[in-house]
Amino acid sequence: MSGTFSYDVKTKENEPLFEFNSAYSPRVSYHFNSKVSHYHYGVKHPMKPFRLMLTDHLVSSYGLHKIMDLYETRSATRDELLQFHSEDYVNFLSKVSPENANKLPRGTLENFNIGDDCPIFQNLYDYTTLYTGASLDATRKLINNQSDIAINWSGGLHHAKKNSPSGFCYVNDIVLSILNLLRYHPRILYIDIDLHHGDGVQEAFYTTDRVFTLSFHKYNGEFFPGTGDLTEIGCDKGKHFALNVPLEDGIDDDSYINLFKSIVDPLIMTFKPTLIVQQCGADSLGHDRLGCFNLNIKAHGECVKFVKSFGLPMLVVGGGGYTPRNVSRLWTYETGILNDVLLPEDIPEDIPFRDSFGPDYSLYPMLDDLYENKNSKKLLEDIRIRCLENIRYLQGAPSVRMDAECIPTQDISALTEEEDKIIQEMNEETEADSSNRLEEMEKENSGLIAFS
Amino acid sequence: MGYPPPTRRLGDKKRYHYSNNPNRRHPSAVYSKNSFPKSSNNGFVSSPTADNSTNPSVTPSTASVPLPTAAPGSTFGIEAPRPSRYDPSSVSRPSSSSYSSTRKIGSRYNPDVERSSSTTSSTPESMNTSTITHTNTDIGNSRYSRKTMSRYNPQSTSSTNVTHFPSALSNAPPFYVANGSSRRPRSMDDYSPDVTNKLETNNVSSVNNNSPHSYYSRSNKWRSIGTPSRPPFDNHVGNMTTTSNTNSIHQREPFWKANSTTILKSTHSQSSPSLHTKKFHDANKLDKPEASVKVETPSKDETKAISYHDNNFPPRKSVSKPNAPLEPDNIKVGEEDALGKKEVHKSGREIAKEHPTPVKMKEHDELEARAKKVSKINIDGKQDEIWTTAKTVASAVEVSKESQKELTRSVERKESPEIRDYERAYDPKALKTDVTKLTVDNDNKSYEEPLEKVEGCIFPLPKAETRLWELKNQKRNKIISEQKYLLKKAIRNFSEYPFYAQNKLIHQQATGLILTKIISKIKKEEHLKKINLKHDYFDLQKKYEKECEILTKLSENLRKEEIENKRKEHELMEQKRREEGIETEKEKSLRHPSSSSSSRRRNRADFVDDAEMENVLLQIDPNYKHYQAAATIPPLILDPIRKHSYKFCDVNNLVTDKKLWASRILKDASDNFTDHEHSLFLEGYLIHPKKFGKISHYMGGLRSPEECVLHYYRTKKTVNYKQLLIDKNKKRKMSAAAKRRKRKERSNDEEVEVDESKEESTNTIEKEEKSENNAEENVQPVLVQGSEVKGDPLGTPEKVENMIEQRGEEFAGELENAERVNDLKRAHDEVGEESNKSSVIETNNGVQIMDPKGAVQNGYYPEETKELDFSLENALQRKKHKSAPEHKTSYWSVRESQLFPELLKEFGSQWSLISEKLGTKSTTMVRNYYQRNAARNGWKLLVDETDLKRDGTSSESVQQSQILIQPERPNINAYSNIPPQQRPALGYFVGQPTHGHNTSISSIDGSIRPFGPDFHRDTFSKISAPLTTLPPPRLPSIQFPRSEMAEPTVTDLRNRPLDHIDTLADAASSVTNNQNFSNERNAIDIGRKSTTISNLLNNSDRSMKSSFQSASRHEAQLEDTPSMNNIVVQEIKPNITTPRSSSISALLNPVNGNGQSNPDGRPLLPFQHAISQGTPTFPLPAPRTSPISRAPPKFNFSNDPLAALAAVASAPDAMSSFLSKKENNN
């Protein structure tokens, strides 16, 4: 841009801060509700919804809002939550408050896994419905083909279970979104690059072959949530439709990206999802308060870019991330990636909480200098091979092989006798038909011959 | 007839009316060859005469047609009227076939018809007789059908009519059936072409050509006929026959026109239409001779109906009409045995009438009744038999024979004209051309209908003119479509349209069934497809499982070593465990029994743990747990319609103004917490760190938790919350000791104060009042309360201020004391709410102690002091509630520290003033802060300077103020002298004014609506008036609202988001309101007041000001201001002026004990002057340096009605002046 052209002041004012990366850019929608950032988990809690405000600020100050659709979403309804969560739990969520938490019958809090990780804070339910509503709204836009990529940074709380919250997550908006999407999409791929294992989502779709859950995470058996070993591959019908990539501390950019690409690429090729849900937990970045990886923002974004390059509709949600400034940086960068634009390094001058981004005021700070990479090449290679082996299973999977329209979408154990009969009849009929047709053909032919 | 069907007809299917006809012919290629000649030759002569003697036109046509394919055709032709009618709506086209099949069974008549049709079709020639019979029967039907049709069409009574007229039913179905049997989809159309063919026996070719057009042309004719029909009303059967012929001709002709092949033809047709129309009408009329009334209506109805009818309709009509009259006769004949001729006749005729023209609603009832009769007759007599069985056929034949005899003549006549027509029309070239043209033109030619009856021979016209004529008549459709409003009985409901009933009927009988069939078929196929899919799936599944097995084996092979290693490790581990475990197990077994036994005990009680249940379930199904945790997968929506077309593109929540969204950047960081709120927040934060719900609660709901969170983040960088928390923890330890110490200090202070007050009682009081004023400005509720308690009774803030200036630093010192008290309070607050309460009580006690003394010195009666005490106690209680949320922090925020030097400049060493300015700091805090940092920052100079300055200015102002103040003192004494009993109770003053101003009272009383916007002015003027005249006591005696009352107001106010209170205007208005109220005394009811305050918040302070100004400027403005009490005010004017001023001054200087008498009117002005000049030393209005402090000076009366009361009582004018001054400043 420099040198060849020079702009007058006015032009410069209106010049976008970003540069378009390529001519193609999908329709991106950005789903948000500014209220989500107004909640606080409580003292010493690492999860800070405030990061969403920082993200919004960065996104808007970079001018990214100009090139995507903005949707200010409503909060999810109770019924929508009930699509996945149990009624008891939703009732509990909707009623509990810091004031009455102590008055609940004994054991309820424990029962619902309320504690340090998942405290009861003021207007908890509002918070959960807000971020869930944004995710669901994103799915609606995807279903209606109003957008190709829908972003909801406030969502992505992947730990929440059917009956209880877990790991700062109260309502699993990802599961709810996927359930919503499953009405229209036969196969959905869920990719989780959060530091933590996406156990809530995996659990929810452990038994189905319509959702493939793939999670890259730190795993040593103890690290929260304690699941996500390579051996967890789904069960029953959903066997081989879950894949976990356990990693050690301090994985760096290159190895992560390589591993990611080498797994995701064949996976998408074989599973042939019609939609991808990407969870972009930012705690896999280096310097995260709870993190232990050495990823830079660009490496993290590279994963998103790679997934996007398949040209499938995507639902992109946030997730973890406990250093708000880096979280907002990352998500802003990824918003730019999804919009196919490049963002300049310098953080815009005029944003309100610019102090947070000091001292370098850069969008791409160095984040990879904190931990030692404990992932040996051999380990990574081993993981890769095992994952690819797992993916090989998919090739013969009936629901993958069948046309998208033809996948039986309800659990079916076997054909009933009646159905068998019908099929037999049909087969006979078709045979009869064909034979009849043959006869007719012959007749016609003979007639023609006679005529001639 | 036999004319080979135009090729294009195949394609015509789209247009159902046309398509059917052609198609029908198509299949019957043989028919065309064979039958056509026959039909033309034999069919006409023989068959018509023999068979359908009754229907001249029809019979020939039928005969001609039937021969080839045609029994169906003939029958249908006769019945044509019905189908024709249906045709327009003729949605049923495709369905007709299926319908027919289904129908046949349903309708008794169908079978016969079908047979006939089938038979005829199979053996065209031989079957003539049979066809004839059929036709006869059909004719009978046709009559009925007509009747029914007519009825149906106009009346739109589908089912009832059907039942009534079995014939109708029969007709309709047979028609369908027959057609269906022959050619399904086209059945309807088929019959129509037949008819046309028949009619146009000679002109077969033309007919054929026309047939596609026939729709329009015929319909047009129909209409044309309809219109002209009215005049030539009474024609008879004899005419009928001819007419029928003419009709047939007519029909052909229009087609020709349509084709526009040759002018000759067109002329033909044109010429004929006129005739035709008349005749046709006649025919219709013939049918309707009896009901002359109806005739007109039918014409209209016709017009309506026409719009809905098909092409075929008119020809059929023509055919059917002739038949109709005949048929009734037949019926008569046949039924004579069973029933009386007359009735039959009537019915028949009526039916006939009805038939040609859709029956009107009016007549509907009558017709129905008749129809019923007819139907009964039919039913009773023969119909069932006729249609269902051979007997019926036979009888029908008989009937037809009888009728035939009569008709033979007509037939003969008919034939001749037809032949003529044929000859005229017949032009092979034209025919050929017609065909081609038809194919092209069909769609476009919709208008050939003579809208207006053509009198005489207009045609032939030149092409252009014919075209013009056509164009002129083109809008017929529109006209007709709009005629529904012109009808005698307008069509209001959709269901009143004739086609509605038709369609309904058709749907019931035909399309509905077809649809269900189709749908069921589709569903069946879907089901089958699903099963197939399942089948495929399971096949694949099997394969897949095999593959998986292979894969796992492969991988196992690959990893043999690994697995073995693992196994070894595992075994090793297990061995170790065993070795270690032996002991541990023992231990466990030792421990376990107790636990297990206990659990068993529990379990004995027939209930099982969830965990145990799950274990059991897990054993049963290893995947149980996974299934428990899994989501229920919704089925994929397979229905393509639902999936792809039922989508709701919701953009309701789309942000259209992206800039607005982006402007969040600007807004999000700006903190909108007031200092007061911030201090509250800080305190709350320190008590409940990061529990924003509790903080919000602690703030008294001023801010929502969400806002608090935001505030936290916004101030996070400026306020070191962590450090604060640490400090606070330290303080906690300190605070207990500090509390004790401070208590002592405070008691000392109080003593000092008391001493001072003894020495200079007025001064102390004034000082306190001053502090009150300041407090009011600074939104320091704590201060307000403290001072208010003292100041309320005296209520002369302005004067106090003057006095303060007079006194200079003395006051400052005293104020410091007062501040200290507050400080203590604050400290206690910080310690905790409990201690807070106690401290409040204590401080209040101190105040109480002071007050009485001051009051005594001021000349209060002891009784008064008692009351004061009481009121103080009330206030105390109030304070308890209030003091909770209001706190000060020792933390000096950046802003505050920046602000401090400026304040120093402004106020010098008047710590109290500074503290009030800062709001969050007590006097001692300020002083300490100063002492700590003075040396470092060189503040001393500042302070000294300003102190010097202030001394100078204060002395001046003191002089001024003293002048002002002195004279007013007596008034105060006056109030204070009043015995307490006289003090008005709440609302006392509502009635009071009578004493003061007789004139004003009544109006005031009547009009007093304490909360109305106009109220202030009047009340003010009113008040001022009574003040002078009345015994003064009432003014000073400020009614402390009962504590119970006060509480709600306070809480109310507190709960109300500060937004209301924050802004200057609001605050000012609220203050002024309060003033008014306190002045007024009308509104002392506090519950009300709280509401009034909120109400009045809306009033701009301008109005208030104006009110004050008006008051001061006397009548002129008062007059101008529209008010309920205007009249009264005017009356008051003269009185008001002087007294008020005096009263105000009195108000202003209540403390001036032994005053100089006040020169009326004077003092007010100077006083205002003084205020408006606004000496910078004045704490209240002084312009503030920092933006925040510049923010609206806080009259926090809204938070404290009592203070407001006091302030108002003391100085309404002062308030107003403040307001005005502020504006000036701004």
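Bear in mind the structure is a predicted one, so any value in this text is a computation, not a measurement. Atoms considered below: every heavy atom in the structure, side chains included; atoms not considered: hydrogens, waters and symmetry mates. Chain identifiers are assigned alphabetically (A, B, ...) following the order of the sequence lines, protein sequences preceding nucleic acid strands; residue numbering begins at 1 within each chain.
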Open item on the list: Report which part of A/Asn172 has an atom under 4.5 Å of a heavy atom belonging to chain B: side chain, backbone, both, or neither.
Closed with: neither
- [ ] State whether the side chain of B/Asn653 and the backbone N or O of A/Tyr71 hold a donor-acceptor pair below 3.5 Å, judged by distance alone.
- [x] no
Task: Contact check, side chains of A/Arg210 and B/Leu636, non-hydrogen atoms, under 4.5 Å - done: yes
- [ ] Mark yes when over 12 heavy atoms from residues, nucleotides or ligands other than B/Gln723 sit less than 6.0 Å from its CD; otherwise mark no.
- [x] yes
Open item on the list: If you count heavy-atom pairs within less than 4.5 Å of chain B, which of A/Leu182, A/Ile143, A/Val59 leads?
Closed with: A/Leu182
- [ ] Counting only heavy atoms closer than 4.5 Å, note whether A/Tyr30 contacts chain B via side chain, backbone, both or neither.
- [x] side chain
Task: Close side-chain approach of A/Met53 and B/Leu710, heavy atoms under 4.5 Å - done: yes
- [ ] Determine whether more than 12 heavy atoms belonging to other residues, nucleotides or ligands lie under 6.0 Å from atom NZ of A/Lys48.
- [x] yes
Task: A/Gln146 versus chain B, the contacting section by heavy-atom distance below 4.5 Å - done: side chain
Task: Over 12 foreign heavy atoms within 6.0 Å of CZ, A/Arg354 - done: yes
Task: Shortest non-hydrogen contact between A/Lys237 and B/Tyr537, atoms and distance - done: CE-OH, 3.2 Å
Task: chain B contact via A/Thr73 - which portion, at a heavy-atom distance below 4.5 Å - done: both
Open item on the list: Salt bridge check, A/Arg140 against B/Asp650: does any charged N sit closer than 4.0 Å to a carboxylate O?
Closed with: no
TODO: Could you tell me whether B/Lys625 atom NZ has more than 12 heavy atoms of other residues or ligands within 6.0 Å of it?
DONE: no
Task: Distance in Å, A/Leu64 CG paired with B/Lys658 NZ, rounded so as to fall on 0.5 Å steps - done: 10.5 Å
Task: Contacting moiety of A/Ser29, where chain B heavy atoms sit under 4.5 Å - done: neither
Task: Heavy-atom proximity to chain B below 4.5 Å, by part of A/Phe353 - done: side chain
Open item on the list: Below 4.5 Å, heavy-atom pairs only: which of B/Thr552, B/Thr632, B/Asp539, B/Asp536 has the largest tally toward chain A?
Closed with: B/Thr552
TODO: Taking the side chain as every heavy atom from C-beta outward, state whether A/His45 and B/Lys690 have any pair of such atoms under 4.5 Å apart.
DONE: no
Open item on the list: Is the shortest side-chain heavy-atom distance between B/His626 and A/Asp236 below 4.5 Å?
Closed with: no
Task: A/Gln83, part contacting chain B, at a heavy-atom distance under 4.5 Å - done: backbone
Open item on the list: Do B/Arg664 and A/Ser60 have side chains that approach each other closer than 4.5 Å (heavy atoms only, starting at C-beta)?
Closed with: no
TODO: Check each atom of B/Gln628 against the heavy atoms of chain A and say whether the ones under 4.5 Å are side chain, backbone, both or neither.
DONE: backbone
TODO: Kindly assign one of parallel, tilted or perpendicular to the pair B/Trp661 and A/Phe32, based on the angle between their ring planes and the thresholds 30° and 60°.
DONE: tilted
TODO: Indicate the atoms forming the closest heavy-atom contact of B/Gly693 with A/Gln122, along with that distance.
DONE: CA-OE1, 3.2 Å
Open item on the list: I'd like to know which of A/His85, A/His185, A/Lys161, A/Arg386 tops the heavy-atom pair count under 4.5 Å against chain B.
Closed with: A/Arg386
- [ ] Determine whether more than 12 heavy atoms belonging to other residues, nucleotides or ligands lie under 6.0 Å from atom CD1 of B/Ile641.
- [x] no
Open item on the list: Do A/Pro324 and B/Tyr713 make a side-chain contact, defined as non-hydrogen atoms from C-beta onward lying under 4.5 Å apart?
Closed with: no
Open item on the list: Has A/Lys162 got a side-chain atom pairing as donor or acceptor with B/Ala630's backbone, closer than 3.5 angstrom?
Closed with: yes
TODO: Side chain from CB out, backbone as N, CA, C, O: work out which of these in A/Val43 comes under 4.5 Å of a heavy atom of chain B, or both, or neither.
DONE: both
Open item on the list: Tell me which of these, B/Cys708, B/Pro689, B/Ala629, has more heavy-atom pairs under 4.5 Å with chain A than the rest.
Closed with: B/Ala629
Open item on the list: Counting heavy-atom pairs closer than 4.5 Å to chain B, which one of A/Lys239, A/Lys44, A/Met68, A/His31 comes out on top?
Closed with: A/Met68
- [ ] Could you look at B/Gln541 and say if it's the side chain, the backbone, both or neither that has a heavy atom under 4.5 Å from chain A?
- [x] both
TODO: Taking the side chain as every heavy atom from C-beta outward, state whether A/His240 and B/Cys548 have any atom pair closer than 4.5 Å.
DONE: yes
- [ ] Measure the shortest side-chain to side-chain distance between B/Tyr627 and A/Tyr206 over non-hydrogen atoms and say whether it is less than 4.5 angstrom.
- [x] no
Open item on the list: Please identify, among A/Glu99, A/Gln395, A/Lys66, A/Lys141, the residue contributing the most non-hydrogen atom pairs under 4.5 Å to chain B.
Closed with: A/Lys141
Open item on the list: Between A/Tyr393 and chain B, with a heavy-atom cut-off of 4.5 Å, which part of the residue counts as in contact: side chain, backbone, both or neither?
Closed with: both
Open item on the list: Looking at every non-hydrogen atom in both residues, tell me the closest pair between A/Glu389 and B/Ser555 and how far apart they are.
Closed with: OE1-CB, 3.7 Å
TODO: Provide the closest heavy-atom pair for A/Tyr184 versus B/Arg642 in the form atom of the first, atom of the second, distance.
DONE: OH-O, 4.1 Å
TODO: Sort B/Ser704 into side chain, backbone, both or neither according to what part of it lies under 4.5 angstrom from a heavy atom of chain A.
DONE: neither
